[in-house]
Amino acid sequence: MKMAGIFLFLMAVEYVSNFYTDYYGHTLGARIESDMRSELFGHVQKLSFQYHDNARTGQLMSRITNDLFDISELAHHGPEDAMISLVRIVGSFIILVNVNGPLALTIFAILPFMILFAYHYSIKVKNALKKNKEYIADINAQIEDSLGGIRVVQSFANEEIEMEKFRRSNRRFLESRKNGYRAEALFFNGLTAFISFITIAVVVVGAVLISYNRSLLTELITFLLILNTLIDPVKRLVNFTQNLQNGAAGFERFVELLAVQPDITDAKEAAAVRHIRGKVEFERVGFRYAGESNNVFKNLNLTVRPGEYVALVGSSGVGKTTLCSLIPRFYETTEGTIRIDGMDIRSIKLKSLREQIGFVQQDVYLFSGTIKENILYGRPGATDEEIIDAAKKANAHEFIMGLPGGYDAYIGQRGVKLSGGQKRRISIARIFLKNPSILILDEATSALDSESESAVQESFDKLAKNRTTFVIAHRLSTIKHADRILVLSEQGIAEEGTHTELIEADGIYAKFYNMQFSPAAG
């Protein structure tokens, strides 16, 4: 009864201990994973347009999600398996030495070779697992790309082309998995062979000792029974090694991404600004994309007065959007200086600088959610009255109220439930709510029908009032009233002046204008 009581007590202790390590250990791993994911997501958000131009969203998603799960599993099971195995191996060694010293030395003469084998093949397993993660990230990127453009795929009836792309990625991943399984099979079966060899070696050495009367059969049998207490933690360490290599492969990819330093950061002496008048100066500014030798433009000089409405025109690829993207430091100038109100933009804190600039892009991006949530993105914390006022100024209130749910209407992924003109007006409402001092409109009326273009243009006119405004336009009819029109070419600013002045000059602008409005152009 006394022994039964002791065993019941130990069983209760085992239950409580296992529950503690299982629940709190997994919780610890989940917290580590959560913290690392937050750190990685925050880091990725700091990386410039230059980085994201070359990065694949699916790859980044895989690093932020799948890879970190393996790290959390290692964080939980790693210390647990290592500690339990260490205690049991040391304990088993002490018992085995006391039972029979020579037999114990036989085991520990083999263990170093087993450790070397494990180290060699564990590296191969880790490399294979890392390659697996890279290829599954490729698959994620392919899926994200194909499903993101599903309307284009179906409109061209190119489902089979996308399927073939997926098959190629899937085949690469399959081959990688096969290589990984081969390395794992060699690793784990090799360790199993070593464990079997240890047992055989003990039996052989034990038999020799018995034949020379150096040991008893009962000692050998006892030793073999206790040997299982050593082999079990060794097997546990083998399983730990798999978790270790999985986690190590994920951690390497985590560190690789974290090691990418943001190329656009706040200078040490950077200061915040609360309000700016909007004077923008370009002084001998040059820019080229990373890894390219040709400049987009060079030695560009330009001064824009506060409240001035400036239009940028020119052929595709001459750098109109790039020029405007330099003002909020989406890209960094290769040479020269850009000043706002006399301050070098690099001396202004990034957050503070971008809060003063409103950017309506050609490809309007709306987040999955409600109309209210998307307008509120312009100034989180704004009241309902301010949201409605911003929508009215953007000529959006009327169509919003006609939707089921009004401002709480769900607009789908990327605003798929709205028309192009409606999406554009939501984005304008967002800028009205932000109330910036400098406004950048990047071909914001392109791809709209006449009625939508008129409504959007009216919204832009309201928005541009008393703000320094840069407009990138292909439709020259929308910029006739601009204070100044700049015609960009590969050599920089080729012409500048009002619409009337440039038409009279009969240069590049006049050529563009006549092409659009000649009878042959429609």
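Note that the coordinates shown come from a computational prediction; the quantities given were computed from them, not determined experimentally.
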| Is R425 close to Q422 at the side-chain level, that is, under 4.5 Å between some pair of heavy atoms? | yes
| message | Do L258 and L40 have side chains that approach each other closer than 4.5 Å (heavy atoms only, starting at C-beta)? | response | yes
| field | Separation between CD1 of I493 and CG of N301, rounded to the nearest 0.5 Å | value | 8.0 Å
| task | Run the numbers on R171 and E164 for salt bridge (Lys or Arg N to Asp or Glu O under 4.0 Å), then give the verdict. | result | CA-CA 10 Å; R171 277 196 296 269; E164 183 54 36; 3.4 Å; yes
| request: Can you establish whether the number of heavy atoms outside F69 located under 6.0 Å from its atom CZ is more than 12? | output: no
| Gap separating the CG atom of L47 from the CG atom of D263, nearest 0.5 angstrom | 8.0 Å
| Among L488, I472, L502, I479, the one residue meeting side chain to side chain contact (heavy atoms under 4.5 Å, CB included) with V313 | I479
| query | Is there a side-chain contact between I400 and I388, using heavy atoms and a 4.5 Å cut-off? | reply | no
| remark: In this structure, NZ of K417 is separated from CD1 of I371 (nearest 0.5 Å) by 10.5 Å
| field | salt bridge (Lys or Arg N to Asp or Glu O under 4.0 Å) evaluation trace for E256 with R253 | value | CA-CA 5 Å; E256 281 174 7; R253 283 166 56 80; 5.6 Å; no
| field | Rounded distance (nearest 0.5 Å) linking atom OG1 of T337 with atom CD of E281 | value | 10.0 Å
| query | So do V310 and D483 actually touch side chain to side chain, heavy atoms under 4.5 Å? | reply | no
| field | Closest contact, heavy atoms only, L433 versus I375 | value | CD2-O, 3.3 Å
| note | In terms of heavy-atom contacts, H275 and S437 come closest through CE1-OG, 3.6 Å
| message | Counting only heavy atoms from other residues, nucleotides and ligands, does the tally under 6.0 Å from CD of E398 exceed 12? | response | no
| field | Any donor-acceptor pair under 3.5 Å from R63 side chain to F254 backbone | value | no
| said: Assess whether a salt bridge exists between R172 and E175, defined as any Lys/Arg side-chain N lying under 4.0 Å from an Asp/Glu carboxylate O. | reply: no
| message | Quick check: closest heavy atoms across S72 and A30, and the distance to 0.1 Å? | response | CB-N, 4.4 Å
| field | Pairwise side-chain contact, H481 with Y309, heavy-atom cut-off 4.5 Å (strictly under) | value | yes
| field | Worked verdict on K372 versus D384 for salt bridge (Lys or Arg N to Asp or Glu O under 4.0 Å) | value | CA-CA 9 Å; K372 178 181 176 181; D384 288 349; 3.1 Å; yes
| said: I need the F470 CZ to E308 CD distance, nearest 0.5 Å. | reply: 8.5 Å
| With side chains defined as the heavy atoms from C-beta onward, is the minimum distance between F330 and H52 less than 4.5 Å? | no
| message | Just so I know, are the side chains of Y24 and L28 near enough to count as touching, which here means a heavy-atom distance under 4.5 Å? | response | no
| M343 CE to K279 NZ distance, which is reported to the nearest 0.5 Å | 12.0 Å
Can you give each donor-acceptor pair under 3.5 Å made by side-chain atoms of residues 404-412, sequence neighbours left out, with the distance rounded to 0.1 Å?
residue	atom	partner	partner atom	Å
Y407	OH	H397	ND1	2.7
Y410	OH	S368	OG	2.8

| query | Quick one: are I338 and R329 in side-chain contact, heavy atoms under 4.5 Å? | reply | no
| task | Please check if atom CZ in F173 has more than 12 non-hydrogen atoms from other residues, nucleotides or ligands closer than 6.0 Å. | result | yes
| request: Could you check D35 against R31 for salt bridge (Lys or Arg N to Asp or Glu O under 4.0 Å), going step by step and ending with a plain yes or no? | output: CA-CA 6 Å; D35 288 346; R31 286 177 176 172; over 6 Å; no
| said: Less than 4.0 angstrom from a charged side-chain N to a carboxylate O is my criterion; do R167 and E160 meet it? | reply: yes
| field | N294, N295, T322 screened by side-chain hydrogen bond (donor to acceptor under 3.5 Å, both in side chains) with Y289, the one that passes | value | T322
| said: For Y513 and Y509, take the angle between the two ring planes, folded into 0 to 90°, and tell me which bin it lands in: parallel under 30, tilted 30 to 60, perpendicular over 60. | reply: parallel
